[in-house]
Structure formats: structure tokens, C-alpha cells
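Taking it in order: structure first as C-alpha cells, then the write-up.
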Amino acid sequence: FFSICHMASPVIVIDAGTGFTKMGYAGNYEPSYIIPTIYAENSSVQKGSKKGLDDLDFLIGSEALANYQTYKPSYPIKQGIVEDWDSVERL
């Protein structure tokens with residue numbers, strides 16, 4: 001037994017792949033967003049050195065690719081296997 005409130009909420013679908021992560025809503029013909037599956041963090045920031053939102057100094061997707069000179073890129077999924085869960089959670 002579901003209330004009308006629960007049935008009106010859209011179901012979100014996330015397909016994190018080796019090359020691209022696709023995100024959208026169940027029932028749509030194609031994903032709403034497609035981004036490269038890449039995570040990059042600022043190599044000059046020390047982990048645990050900041051508090052609050054200041055420690056979220058990372059980029060994902062196309063922004064991570066564009067800033068590879070100042071950020072340390074990583075591919076958290078290789079050959080379909082998650083190798084870095086912390087990075088995947090940030091995607």
C-alpha cells in the first residue's frame with residue numbers, strides 16, 4: 001500500500017560505467033546527464049586540513065578533465081570494477 005505522495009516521486013537511475021556515468025529518470029528514453037567517469041582532487045589540499053565545505057576541493061566529469069594540470073585525476077572504475085568507492089560516491 002503506497003500513498004499518492006510516494007507514487008508521484010520519480011525514480012532516479014544512475015549507471016556508473018568505466019568511461020561514462022549516465023544519470024536520469026526511470027521511464028525516460030535516454031539519460032538526462034552523461035559525464036565522463038573521472039574524479040580529480042586538488043593536489044595542494046591536505047586531507048583533513050579544512051572544515052566544512054572547504055574540504056570539498058574536487059572536480060568531476062568534464063571539469064576534472066579540463067583541469068588536469070592543477071588537479072590530480074583518477075578513474076575510480078576500471079574495466080567495470082569499482083577500485084575507489086570514495087571517489088565513486090563523489091560522482
Inset, instruction - Kindly write out the residues that satisfy side chain to side chain donor-acceptor pair (under 3.5 Å) with Asp84, not counting sequence neighbours, or none if the list is empty. - result: Ser87
Legend entry - 4.5 Å side-chain heavy-atom contact, Ile38 and Ser74: no
Legend entry - Shared hydrophobic cluster for Ile35 and Leu59 (ILVMFWY, side-chain gaps under 4.5 Å): no
Inset, instruction - Any pair with a residue in residues 22-41 that passes ring pair (Phe, Tyr, Trp, His ring centres under 6.0 Å), sequence neighbours left out, goes on the list, sorted by first then second residue, please. - result: Tyr39-Phe58
Legend entry - Distance-minimising heavy-atom pair for Asn42 and Tyr71: N-CD2, 3.2 Å
Inset, instruction - With sequence neighbours left out, write down each residue that passes side chain to side chain contact (heavy atoms under 4.5 Å, CB included) with Val82, or none if nothing qualifies. - result: Ile77, Trp85, Val88
Inset, instruction - Sort and list the pairs that fulfil salt bridge (Lys or Arg N to Asp or Glu O under 4.0 Å) and have at least one residue in residues 65-77, not counting sequence neighbours. - result: none
Legend entry - From CD (Gln79) to OG1 (Thr18), nearest 0.5 Å: 7.5 Å
What side-chain donor-acceptor pairs closer than 3.5 Å can you find for residues 61-68, not counting sequence neighbours?
unit_1	atom_1	unit_2	atom_2	d
Asn67	ND2	Glu63	O	2.8

Inset, instruction - May I ask whether Ile60 and Ile14 are part of the same hydrophobic cluster, defined by side-chain heavy atoms of I, L, V, M, F, W, Y residues being less than 4.5 angstrom apart, directly or through others? - result: yes
Inset, instruction - Please name all residues satisfying salt bridge (Lys or Arg N to Asp or Glu O under 4.0 Å) with Lys22, sequence neighbours left out, ordered by chain then number. - result: Asp15
